[in-house]
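Okay, so here's the structure we're looking at.
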Amino acid sequence: MGRGKRARGEIMDITRVSDIAQHDGQQVTVQGWVYNRTDKGKLTFLLVRDGSGFVQCVAFKGDLDETLFDRIRHIPQESSVVVTGTVRADKRAPGIPGGYEIGISDLQIVQAADEDYPMALKEHGVDFALDHRHLWMRMPSQWAILRVRATVISAIREWFDTNGYLNMDTPILTPAACEGTSTLFETPYFNEGMAYLAQSGQLYNEANIFAFGKVYAFGPTFRAEKSKTRRHLTEFWMVEPEVAFCDLDQLMDIEEQFVAHIVKRVLKDRRAELESLGRDISVLEKIEPPFPRISYDEAAEMLKQIRDETDDPEKKELLTFEWGMDFGSPHETELTNRFDKPVFVYGYPTQVKAFYMEPWPGRPEVCKSVDLLAPEGYGEIIGGSERISDHDLLLQRIKEHNLPREAFEWYLDLRRFGSVPHSGFGMGVERTVAWLCGTEHIRETIPFPRTIKRVYP
RNA sequence: UCCUCGCUAGCUCAAUUGGCAGAGCGAGCGGCUGUUAACCGCUAGGUUUCAGGUUCGAGUCCUGAGCGAGGAGCCA
């Protein structure tokens, strides 16, 4: 491949596929991998991906020496390559962003891939795809989803960092259950008995706000429950802001500004990816504050009505509901189908929520909690509440839930030294990404998913 | 933990009442100057998840096991 040789020490000027439109008419060099090859007589089309996008590269037999053209014609899928050629606009050119292609003048093979690459360019079964996650993520759908994920994470940090919040991460190894209910992963911890992988950083965040005012923790969260649905992972990422001097109404204001920002940012920076996924973008463009706010009581009434109106006995059974129950997945789906924006449901029964939630004034059976349910059946993406700020009430709740008081002494201290009304929430990153991408399974929204049946690869 | 379903070529699937193990894609070779999951021809590719059983004969029926999926519960 003599044509492409460079003098030693010469710095190669590499173009990113995402920037290809800025190089129309110019000669460029792209480094990447051959995603697909279509051989068409005197023409060979290579779809090359470089991490930033997918671009079609065209080899024409008449423009190249025979050896090079023959090598291009037989290059195995997924071979790593350095391609040099001239960019031209062509509406027929596929790719992401697409619309431009490279007329190949030179191509070097860095490694010719083995010929038994297992990922077909068609659909795969779930099990096969997940066993090959390390290769599956190269495919456009997975690549697009994970690009959206990175932008969601960036938007999360951007919003908090520019709105006066301090990033203050919380421990992953913890001495006990935060909320006293979930099943946790445990691990031996030197001479201290068992440590547990965190299911939430919230309690630590409550300590942090008394030093820093507004904080957010962002990290992995672990749940050992044997949940086995398209909405569950055993390891997932959660962002948890906590705010001093903040009540439930103010919390909802924060949540809707925050979520709207994420949506806006994804629409701005990842439109091509959403389009490549076939996502209906007009649905996302409607996501602007304010979001509807309904009480648990109103939601319960709506569900009763929906259940009365259906003739489907199976659906009737699934929608069985009495005041005091938590909403199940079928309930959330029915509720959110009635709205085209995320909807707040606030004021849940105290008995179905965690011990630390502030009671509703004058209605002790209800607490100042709020969930944000995403539309299109994606369900709960945020759970939050105003926290109990009174020391004696909190102590009473700890006793009622049979939690070990000694483990919560530091938490109770927060109510003794300058207690204030405060609130916070936790947002599941993967569920949010699944909603934005229109992904059916949450496991596609994290690079290497961990589920009850899977720790490989 | 409970309910339902699935397992056949590298992948996605078909195989009639129990009667010769099949197709498409992928791979290799050849053809074609515009392919978009191209198309055409040829070639290779199988312990039908496993262990038993019924039968002249089992991918198909029966029993058990394994693995996986969807849903419920719980949650983000």
Side-chain angles (χ1 to χ4, degrees), chain A residues 35-47 54 56-63 69 73-74 76-78 88 90-96 98-99 101 103 113-132 135-136 139-140 179 181-183 199-200 202 220-240 314 317-318 320 325-333 352-354 371-374 378-384 425-435 440-443 445-446 451-454:
Chain A
Y35 175 72
N36 194 16
R37 186 193 71 226
T38 302
D39 174 25
K40 182 100 183 44
K42 291 176 184 164
L43 275 177
T44 295
F45 299 97
L46 301 181
L47 194 55
F54 290 68
Q56 173 162 279
C57 302
V58 186
F60 176 46
K61 193 172 185 175
D63 290 347
F69 183 75
R73 209 163 76 87
H74 290 98
Q77 187 187 0
E78 288 304 317
R88 58 182 175 243
D90 192 316
K91 282 176 190 160
R92 296 169 296 185
I96 306 171
E101 64 183 19
D114 286 356
E115 280 163 6
D116 57 349
Y117 185 67
M119 304 304 290
L121 268 48
K122 299 193 173 189
E123 78 276 12
H124 288 99
V126 176
D127 196 37
F128 179 87
L130 286 175
D131 278 343
H132 297 82
L135 304 176
W136 188 27
M139 299 188 76
E179 309 190 1
T181 51
S182 297
T183 318
Q199 61 151 337
S200 165
Q202 181 209 312
T221 300
F222 306 89
R223 302 281 165 90
E225 271 122 9
K226 295 191 174 178
S227 299
K228 199 174 171 322
T229 79
R230 69 181 66 179
R231 295 175 305 283
H232 288 87
L233 297 169
T234 56
E235 178 183 313
F236 64 97
W237 283 67
M238 185 158 71
V239 60
E240 297 179 282
E314 198 179 332
E317 172 71 26
L318 276 173
T320 300
M325 284 170 57
D326 202 356
F327 298 125
S329 178
H331 305 111
E332 286 184 357
T333 302
V352 300
K353 289 291 180 184
D371 286 354
L372 184 65
L373 310 180
Y378 283 92
E380 182 179 355
I381 53 172
I382 291 182
F425 66 87
M427 185 182 82
V429 169
E430 289 77 16
R431 284 189 181 179
T432 304
V433 175
W435 163 51
E440 195 178 347
H441 302 94
I442 193 176
R443 61 190 164 215
T445 64
I446 188 168
T451 66
I452 173 173
K453 291 289 185 184
R454 184 172 294 279

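Chain letters run A, B, ... following the sequence lines, proteins first, then strands; residues in each count from 1.
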When you check every protein heavy atom under 4.0 Å of nucleotides 26-32 of chain B, what one-letter string (B, S, -) results, 5' to 3'? -SSSSSB
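The CG-P distance, from A/D127 to B/rC13, rounds to 12 Å in whole Å. One can place CZ of A/R230 at 17 Å from C1' of B/rA76, the figure rounded to the nearest angstrom. At whole-Å resolution of the value, CD1 in A/I452 and P in B/rA72 are 14 Å apart. Straight-line distance from the NE2 atom of A/H124 to the C1' atom of B/rA69: 17 Å, rounded to whole Å. If you measure from atom CZ of A/R231 to atom P of B/rG73, you get 8 Å, rounded to the nearest angstrom. In this structure, A/L46 atom CG and B/rU36 atom C1' are separated by 14 Å, rounded to whole Å. For the pair A/K226 NZ and B/rC2 C1', the computed distance is 12 Å after rounding to whole Å. For A/F327 and B/rA72, the CZ to P distance is 16 Å, given to the nearest whole Å.
At the heavy-atom level, A/G328 lies under 4.0 Å from the strands shown only through sugar-phosphate atoms. Across all strands, A/G125 comes closer than 4.0 Å only to sugar-phosphate atoms, never to a base (heavy-atom distances). At a threshold of 4.0 angstrom between heavy atoms, the contacts of A/F128 are confined to the sugar-phosphate backbone, with no base atom among them. Residue contacts for A/Q56: at a heavy-atom cut-off of 4.0 Å it reaches a base atom on one of the strands shown. Among the protein residues, A/R443 comes within range of the sugar-phosphate backbone only, with heavy atoms under 4.0 Å from sugar or phosphate atoms but none that close to a base. Backbone-only engagement by A/S329 is indicated by non-hydrogen atom pairs under 4.0 Å involving sugar-phosphate atoms exclusively. Among the heavy atoms of the strands lying under 4.0 Å from A/N36 are primed sugar atoms or P, OP1, OP2 only; no base atom is included. Contact annotation for A/L47: no contact, since no heavy-atom pair falls under 4.0 Å across all strands. Contact annotation for A/E235: no contact, since no heavy-atom pair falls under 4.0 Å across all strands.
Between A/D90 and A/R92 a salt bridge is recorded (basic side-chain N to carboxylate O distance below 4.0 Å).
Here A/L121 pairs with A/Y35, A/N36, A/Q77 under the side chain to side chain contact (heavy atoms under 4.5 Å, CB included) rule; sequence neighbours left out. Legend: residues meeting salt bridge (charged side-chain N to carboxylate O under 4.0 Å, His left out) with A/R73, ordered by chain and number and at least two apart, are A/D39, A/D70. The side chain to side chain donor-acceptor pair (under 3.5 Å) test applied to A/D131 returns A/R454, not counting sequence neighbours. Under the rule for a side chain to side chain contact (heavy atoms under 4.5 Å, CB included), the partners of A/K226 that lie at least two apart in sequence or sit in another chain are A/I452. With sequence neighbours left out, A/E380 forms a side chain to side chain contact (heavy atoms under 4.5 Å, CB included) with A/E332, A/D371, A/L373, A/R431. The ring pair (Phe, Tyr, Trp, His ring centres under 6.0 Å) test applied to A/H441 returns no partner, not counting sequence neighbours. Remark: A/H132 pairs with A/P118, A/M119, A/F128, A/H134, A/L135 by the side chain to side chain contact (heavy atoms under 4.5 Å, CB included) rule, at least two apart or across chains.
Applying the 3.5 Å distance criterion, the base of B/rC74 shares a donor-acceptor pair with the side chain of A/S227. Side chain A/K228 to base B/rA72: no donor-acceptor pair is found below 3.5 Å. Checked by distance alone, A/H232 brings a side-chain donor or acceptor within 3.5 Å of a matching partner on the base of B/rC75.
Interatomic distance, OG1 of A/T432 versus CD1 of A/I382, reported as 6.5 Å (0.5 Å rounding). Between the CZ atom in A/F222 and the CD atom in A/Q199 there is a gap of 12.0 Å [rounded to 0.5 Å]. To the nearest 0.5 angstrom, A/F69 atom CZ is 4.0 Å from A/T44 atom OG1.
With both pairing distances under 3.5 Å, B/rG70 is matched to B/rC3 as a Watson-Crick or G-U wobble pair. Within the shown strands, nothing qualifies as a pairing partner of B/rA76 under the Watson-Crick or G-U definition with both distances less than 3.5 Å. Pair assignment for B/rG28 gives B/rC42, based on Watson-Crick or G-U wobble hydrogen-bonding distances that are each under 3.5 Å. Across all strands shown, B/rC20 has no partner, as no Watson-Crick or G-U wobble contact with both distances under 3.5 Å is found. Base pairing analysis places B/rG57 opposite nothing; no Watson-Crick or G-U wobble pair with both distances below 3.5 Å involves it. The partner of B/rU47 cannot be assigned: no Watson-Crick or G-U wobble pair with both contacts below 3.5 Å exists in any strand.
Between A/H441 and B/rG70 there is a side-chain polar atom (N or O) within less than 4.0 angstrom of OP1 or OP2.
Using P as the reference atom, B/rA27 and B/rG10 are 15 Å apart when rounded to the nearest Å. Comparing the C1' positions of B/rG73 and B/rU1 gives a spacing of 9 Å, expressed to the nearest Å. Rounded to the nearest Å, the gap between the P atom of B/rU16 and that of B/rG59 is 12 Å. Comparing B/rG18 with B/rC2, their C1' atoms are spaced 35 Å from each other, to the whole Å. With P as the reference atom, B/rC50 and B/rU36 are 39 Å apart, rounded to whole Å. Across the P atoms, B/rA21 and B/rU47 are found 14 Å apart, a figure rounded to whole Å. Straight-line distance between the P atoms of B/rA9 and B/rU60: roughly 15 Å, to the nearest whole Å. For B/rG26 and B/rU12, the C1' atoms lie 11 Å apart once the distance is rounded to whole Å.
Toward the 5' end of RNA chain B, the nearer of the two residues A/F45 and A/T229, judged by each one's closest nucleotide, is A/F45.
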What does the list of N/O pairs under 3.5 Å between the protein and nucleotides 42-46 of chain B look like, with a distance for each?
none

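Side-chain contact check for A/S329 and A/R231: at least one donor-acceptor pair (N or O, by modelled atom type) lies under 3.5 Å.
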